[in-house]
Amino acid sequence: MSVEVKTKRVTTRDIRARKGGEPVVVLTAYTAPIARLLDPHCDILLVGDSLGMVVYGMDTTLGVTLDMMINHGRAVVRSSSRACVVVDMPFGSYQESPEQAFRNSARVMAETGCAAVKLEGGREMAETIRFLTERCVPVMAHIGLKPQAVHAAGGFRAQGRIDAEAEAIRADARAIADAGAFSVVVEGTVEPVARALSAEIAIPTIGIGASAACDGQVLVIDDVLGLFDDFTPKFVKRYADLRPIITEAAERYAAEVKARSFPGPEHCFGQAKK
């Protein structure tokens with residue numbers, strides 16, 4: 001009799017232990033089919049609020065709701081067995097108070113089965129991160145370029161070019177590490193700053209538009225596959241270009257439907273008897 005061996009999921013503790021070791025592989029995932037494909041290759045599947053832009057066609061991530069994140073998070077958890085699943089907390093769901101952050105984070109974890117939540121912010125969120133981690137909510141932090149703060153920051157631009165800004169980002173990194181975050185995304189931060197803070201703090205740094213010296217890297221899967229082309233950040237590398245393949249398939253399907261060559265007999269149930 002064969003015994004099915006259940007795959008052991010990567011945990012937040014496993015991720016934290018990777019500091020200075022083998023780089024952590026992270027990709028975003030929003031749907032069941034993509035989660036199944038990415039799961040064997042990733043240490044973390046991030047259900048990012050970037051889904052607002054790449055799935056729902058929003059201009060920013062600000063319109064993403066908690067219910068949206070929970071629905072997509074549930075799909076990714078159900079369709080993966082290896083990767084540690086982290087779900088983004090959307091704008092407005094955690095900034096008001098540590099208590100609000102806990103209520104909403106607890107709901108996300110309970111309703112999706114994810115291992116951790118991610119929230120944006122540095123020193124100003126340290127109290128909230130400590131409040132959550134002390135109550136058994138693992139937190140991935142996010143510093144540098146913060147998409148939820150795009151209007152306050154005056155748009156999407158690289159962070160840390162001036163000394164004061166660079167020191168502020170490094171102070172953010174130290175604060176969230178001290179508060180108990182198990183890892184931190186460092187986005188859109190000039191390379192020397194990202195490299196320096198990666199060496200300074202004791203938790204893994206996950207770079208996106210940062211430095212190869214970070215302890216891991218993350219990209220948006222739709223950017224990796226060439227499916228999102230509203231804009232292409234400098235830090236994106238496309239590993240495939242699926243747009244023309246999908247376009248060709250749709251064109252062929254449309255042509256066959258119009259020509260009545262699809263469906264053929266092999267696609268139909270029981271031909272009518274003469």
Side-chain angles (χ1 to χ4, degrees), residues 8-21 24-26 28 42-49 64 66 69-70 73-74 76-77 80 83-144 146-149 168-187 189 194 197-208 210 214-216 218:
K8 181 180 180 297
R9 276 197 188 270
V10 177
T11 68
T12 58
R13 180 174 292 185
D14 295 332
I15 298 299
R16 186 164 189 145
R18 296 273 286 275
K19 177 68 181 181
V24 180
V25 179
V26 189
T28 64
C42 294
D43 301 304
I44 297 175
L45 290 177
L46 173 62
V47 187
D49 61 356
V64 174
L66 199 64
M69 297 307 306
I70 288 171
R74 186 183 293 125
V76 171
V77 170
S80 59
C84 178
V85 178
V86 179
V87 176
D88 260 343
M89 297 300 294
F91 179 72
S93 69
Y94 62 92
Q95 291 95 337
E96 181 181 331
S97 67
E99 290 79 10
Q100 179 210 31
F102 177 76
R103 285 193 301 273
N104 288 329
S105 297
R107 182 185 167 205
V108 168
M109 294 187 71
E111 295 186 27
T112 67
C114 71
V117 298
K118 181 170 78 66
L119 52 82
E120 294 184 10
R123 286 161 292 173
E124 75 280 10
M125 294 308 300
E127 179 187 356
T128 294
I129 292 171
R130 181 171 288 107
F131 190 89
L132 293 178
T133 57
E134 288 176 349
R135 288 158 178 80
C136 303
V137 178
V139 176
M140 172 184 280
H142 185 140
I143 61 173
K146 300 184 287 288
Q148 292 179 7
I169 295 172
R170 292 170 69 174
D172 284 341
R174 294 189 292 268
I176 58 93
D178 291 343
F182 74 91
S183 63
V184 57
V185 170
V186 183
E187 180 170 358
T189 300
L197 69 86
S198 292
E200 289 172 0
I201 63 175
I203 62 173
T205 55
I206 310 298
I208 177 167
C214 289
D215 299 292
V218 59

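- Annotation: side chain of Leu119 is in contact with side chain of Leu132 (closest heavy-atom distance under 4.5 Å).
- Residues Met109 and Pro138 are in side-chain contact: their nearest non-hydrogen atoms beyond the backbone lie under 4.5 Å apart.
- Between atom OG1 of residue Thr189 and atom CG of residue Asp172 there is a gap of 9.5 Å, rounded to the nearest 0.5 Å.
- Distance alone, capped at 3.5 Å, is enough to place a donor-acceptor pair between the Glu124 side chain and the Gly122 backbone.
- A donor-acceptor pair is defined here as one N or O able to donate and one able to accept, closer than 3.5 Å; such a pair exists between the side chain of Tyr94 and the backbone of Glu120.
- Taking CZ of Arg103 as the reference point, atom CG of Leu66 lies at 11.5 Å (rounded to 0.5 Å).
- Under the 4.5 Å side-chain criterion, counting only non-hydrogen atoms from C-beta, Ile44 is in contact with Met140.
- Within 6.0 Å of CZ in Arg107 there are more than 12 heavy atoms belonging to other residues, nucleotides or ligands.
- Nearest heavy-atom pair across Gln95 and Pro90 is OE1-O, 4.4 Å.
- Residues Val76 and Ser80 share a closest heavy-atom pair of O-OG, 2.8 Å.
- The two residues Val87 and Cys114 come nearest to each other via the heavy atoms CG2-CB, 3.7 Å.
- The two residues Ser198 and Ala194 have their closest heavy-atom pair at OG-O, 2.8 Å.
- Looking only at side-chain heavy atoms (C-beta outward), Phe91 and Asp49 stay at 4.5 Å or farther from each other.
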Contacts table for residues 174-186: side-chain donor-acceptor under 3.5 angstrom, sequence neighbours left out:
from, atom 1, to, atom 2, distance (Å)
Arg174, NH1, Glu200, OE1, 3.4
Arg174, NH2, Glu167, OE2, 2.7

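- At least one side-chain heavy atom of Met69 sits less than 4.5 Å from a side-chain heavy atom of Val64.
- In this structure the side chain of Arg9 reaches within 4.5 angstrom of the side chain of Val85, judged on heavy atoms.
- Contact of the Asn104 side chain with the Glu96 side chain is not registered, since no non-hydrogen atoms from C-beta on lie closer than 4.5 Å.
- Closest non-hydrogen pair, Thr128 versus Ser97, comes out as OG1-C, 4.4 Å.
- Under the side-chain contact (heavy atoms from CB on, under 4.5 Å) criterion, Arg18 pairs with Glu22, Val24, Asp43, not counting sequence neighbours.
- Lys19 places no side-chain N or O within donor-acceptor distance of the main-chain N or O of Pro204, the cut-off being under 3.5 Å.
- Put simply, CD1 on Ile15 and OG1 on Thr12 are 8.5 Å apart, with the number rounded to the nearest 0.5 Å.
- Counting heavy atoms from C-beta on, the side chains of Gln148 and His142 never come closer than 4.5 Å.
- A donor-acceptor pair under 3.5 Å is formed between the side chain of Thr205 and the backbone N or O of Asp215.
- Nearest approach of Val10 to Cys84, heavy atoms of both residues: O-CB, 3.2 Å.
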